J.: 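My questions will all concern the structure given below.
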2 protein chains.
Amino acid sequence: MVETVSGPDLSAALPARSVPAPVVARLPGYLQALESLRAGGRSTVSSEELAGMCAVGSAILRRDLSHLSAAGRRGVGYDCAGLAANIRSFLGLDRVRRIGIIGAGRLGSALADYAGIAASGFALAGVFDTSPRVVGTSVGGLTVSPMGDFAERSAEAGIELAVIAVPAPAAQSAADAAVAAGIRGILNFAPVVLTVPPAVHVRHVDLATELQVLAHYTAAEAREQQQ
Amino acid sequence: MVETVSGPDLSAALPARSVPAPVVARLPGYLQALESLRAGGRSTVSSEELAGMCAVGSAILRRDLSHLSAAGRRGVGYDCAGLAANIRSFLGLDRVRRIGIIGAGRLGSALADYAGIAASGFALAGVFDTSPRVVGTSVGGLTVSPMGDFAERSAEAGIELAVIAVPAPAAQSAADAAVAAGIRGILNFAPVVLTVPPAVHVRHVDLATELQVLAHYTAAEAREQQQ
DNA sequence: GGATGTGAAAAGGTTCACAGCC
DNA sequence: GGCTGTGAACCTTTTCACATCC
């Protein structure tokens with residue numbers, strides 16, 4: 001769902017724009033596999049092996065990588081460290097990206113403590129909540145700030161991405177506050193379709209949706225017959 | 001370690017002639033919108049309006065619904081209650097589906113307490129953990145059972161779907177236990193690619209992946225403005 | 001008049017298969 | 001010999017537009 005511009009050709013300067021969304025969505029998986037290979041001391045991988053680790057086909061992996069300026073060596077494979085750096089750069093992770101978590105309830109706290117955040121190239125730089133009972137407590141190593149301070153504190157802390165982990169009724173106003181503060185990327189865990197300006201990117205993770213999809217497939221198998 | 005490579009395992013399963021995966025993935029959204037319309041007293045909706053609520057095009061909505069035996073009325077629209085029931089049935093939610101959560105840490109507890117579970121047609125029927133310190137405590141209104149009892153207790157409780165909310169190193173063995181107990185649908189929150197038999201459906205939700213995708217899009221936009 | 005349902009066309013992704021380089 | 005990179009075929013999904021029915 002990336003905007004399509006057909007006019008001037010800036011592909012030479014910026015291939016990023018034209019990379020299909022499904023490709024972007026697979027890159028983090030490749031990156032993770034590369035990290036684990038590197039941790040195991042491996043220096044190169046073949047497309048076949050890397051694809052196997054990520055549960056995709058080797059052809060699709062090679063084509064995905066062709067979108068970035070990754071250089072594999074024919075007859076050898078890909079350099080783990082080099083490819084990892086390349087993907088990280090493509091994802092905008094060649095510098096640490098700071099994130100803020102809105103909502104310091106159970107889910108927000110769990111996300112704040114998730115060790116993978118730092119390992120993935122991010123830094124938790126703020127935790128916010130509206131409830132006075134939570135403000136001031138410590139979550140994820142940070143003191144919870146009142147939601148009213150979001151704009152000020154996110155600017156101070158250099159927060160670029162917001163994670164919304166509040167109850168459904170509060171999600172839209174949390175998003176509004178984030179947008180007003182200049183945030184342009186939102187990861188939404190609340191079961192609500194957020195309305196934001198086109199310049200803001202939203203990704204939506206919903207437990208109920210995932211379970212329902214799973215329910216369909218398991219039920220379909222049992223039924224064996226579809227309508 | 002067995003490495004499943006070779007074939008195109010991407011096909012994720014199911015006999016195919018059924019409804020396309022992207023369609024299945026959008027149905028929960030339609031369902032949620034229909035519930036909220038119904039809660040507001042509305043009895044019918046047009047494809048245009050419903051699509052607007054779900055942030056999709058009206059044409060795609062109509063085609064999606066054409067896959068199920070949904071009956072809209074030309075000139076009128078769709079019957080909210082009828083369509084909701086239809087989608088629910090299609091998703092296998094005409095009966096309550098019981099789920100078990102593996103991992104009673106912060107994330108598992110947060111998921112267990114998520115009120116939307118029941119509202120979406122599910123019932124939490126078991127919470128499991130390996131740690132003796134957690135076993136016996138109460139999470140989501142249930143007493144946490146030892147992981148070793150998973151097979152027995154999931155059979156007793158009629159659990160059909162498992163949610164894996166354990167640390168990465170424990171995820172594969174949790175999945176193995178679930179599969180051994182006859183579970184055929186797994187929602188995996190651990191940052192690991194699970195290896196399961198083809199008959200088992202896995203959906204993967206990963207915070208780091210989502211943030212990295214978001215990082216790409218926000219970074220790309222920033223790069224663009226520099227030009 | 002109004003809105004659905006659906007052929008047909010377009011767009012987008014995936015897979016194949018092999019040329020080309022190591 | 002091995003493995004990447006990619007044109008071309010293939011398949012899937014989206015979009016358009018309008019006949020069809022209420």
Side-chain angles (χ1 to χ4, degrees), chain A residues 1-6 11 15 17-27 29-30 34 37 42-80 82-83 86-87 213 226-227, chain B residues 5-27 29-30 34 37 42-80 82-83 86-87 213:
Chain A
M1 303 309 164
V2 188
E3 356 13 285
T4 357
V5 171
S6 52
S11 57
R17 183 73 176 232
S18 59
V19 175
V23 176
V24 175
R26 282 189 294 263
L27 291 174
Y30 304 155
L34 288 165
L37 283 168
R42 289 284 298 277
S43 63
T44 61
V45 231
S46 69
S47 62
E48 192 85 24
E49 182 178 2
L50 185 54
M53 296 176 70
C54 303
V56 302
S58 64
I60 210 176
L61 170 59
R62 289 198 301 276
R63 191 170 292 278
D64 285 355
L65 296 185
S66 76
H67 287 288
L68 24 144
S69 53
R73 275 194 168 72
R74 306 191 191 209
V76 179
Y78 297 90
D79 174 58
C80 292
L83 182 54
N86 204 313
I87 294 177
V213 172
Q226 209 65 277
Q227 20 196 352
Chain B
V5 184
S6 70
D9 49 351
L10 201 301
S11 57
L14 281 274
R17 58 190 93 53
S18 52
V19 176
V23 177
V24 175
R26 283 188 294 264
L27 291 174
Y30 304 155
L34 287 166
L37 283 168
R42 289 284 298 278
S43 62
T44 61
V45 231
S46 68
S47 61
E48 193 85 24
E49 184 178 2
L50 185 55
M53 295 176 70
C54 303
V56 302
S58 63
I60 211 178
L61 170 59
R62 289 198 300 277
R63 191 171 292 279
D64 284 356
L65 296 185
S66 77
H67 287 289
L68 23 143
S69 53
R73 274 194 170 73
R74 306 193 190 206
V76 179
Y78 297 91
D79 174 57
C80 293
L83 181 54
N86 204 314
I87 294 178
V213 172

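In what follows, chains carry the letters A, B, and so on, assigned in the order in which the sequence lines appear, proteins first and then strands, with residues in each chain numbered from 1. Keep in mind that this is a model prediction, so the values were computed, not measured.
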J.: C/dC18 phosphate, OP1 or OP2: any side-chain N/O from A/Arg62 under 4.0 angstrom?
T.: no
J.: Of the non-hydrogen atoms in A/Leu68 and A/Ile87, which two are nearest, and what is the gap between them?
T.: CD1-CG1, 4.0 Å
J.: Hey, does the side chain of B/Ser47 come within less than 4.0 Å of C/dT4's phosphate (OP1/OP2), counting only N and O?
T.: yes
J.: Is there a side-chain polar atom (N or O) of B/Tyr78 under 4.0 Å from OP1 or OP2 of D/dC22?
T.: no
J.: Quick one: closest heavy-atom pair of B/Cys80 and B/Val45, and the distance?
T.: SG-CG2, 3.4 Å
J.: Both A/Gly75 and B/Ser66 contact DNA chain C. Which one's nearest nucleotide lies toward the 5' end?
T.: B/Ser66
J.: Send over the distance from A/Leu50 CG to D/dT4 C1', rounded to a whole Å.
T.: 13 Å
J.: Please give, in whole Å, the distance from C/dG12 C1' to A/Arg26 CZ?
T.: 12 Å
J.: Roughly how many Å is it from CD in B/Glu48 to P in D/dA17, rounded to a whole number?
T.: 15 Å
J.: About how many Å separate CG of B/Leu50 and OG1 of B/Thr44, when rounded to the nearest 0.5 Å?
T.: 11.0 Å
J.: How long is the line joining CG of A/Asn86 and P of D/dT4, in whole Å?
T.: 15 Å
J.: Which pair of non-hydrogen atoms, one from A/Gly72 and one from A/Tyr78, has the smallest distance, and what is that distance?
T.: CA-CD2, 3.5 Å
J.: Rounding to an integer number of Å, can you tell me how far A/Asp64 CG sits from C/dT14 C1'?
T.: 10 Å
J.: Calculate the interatomic distance between A/His67 atom NE2 and D/dT4 atom C1'; express it in whole Å.
T.: 15 Å
J.: Can a donor-acceptor pair under 3.5 Å be found between the side-chain atoms of B/Arg73 and the base atoms of C/dG5?
T.: no
J.: Measure the distance from CD on B/Glu49 to P on C/dG2 and round it to the nearest whole Å.
T.: 16 Å
J.: By nearest atom, which of the nucleotides C/dT6, C/dG20, D/dC21 is closest to the B/Arg74 side chain?
T.: D/dC21
J.: Please report the closest heavy-atom contact between A/Glu48 and A/Ser58, naming both atoms and the distance.
T.: OE1-OG, 3.5 Å
J.: Would you say C/dA17 has OP1 or OP2 under 4.0 Å from some side-chain N or O of A/Arg63?
T.: no
J.: Without decimals, in angstroms, what is the distance between B/Ile60 CD1 and C/dG5 C1'?
T.: 15 Å
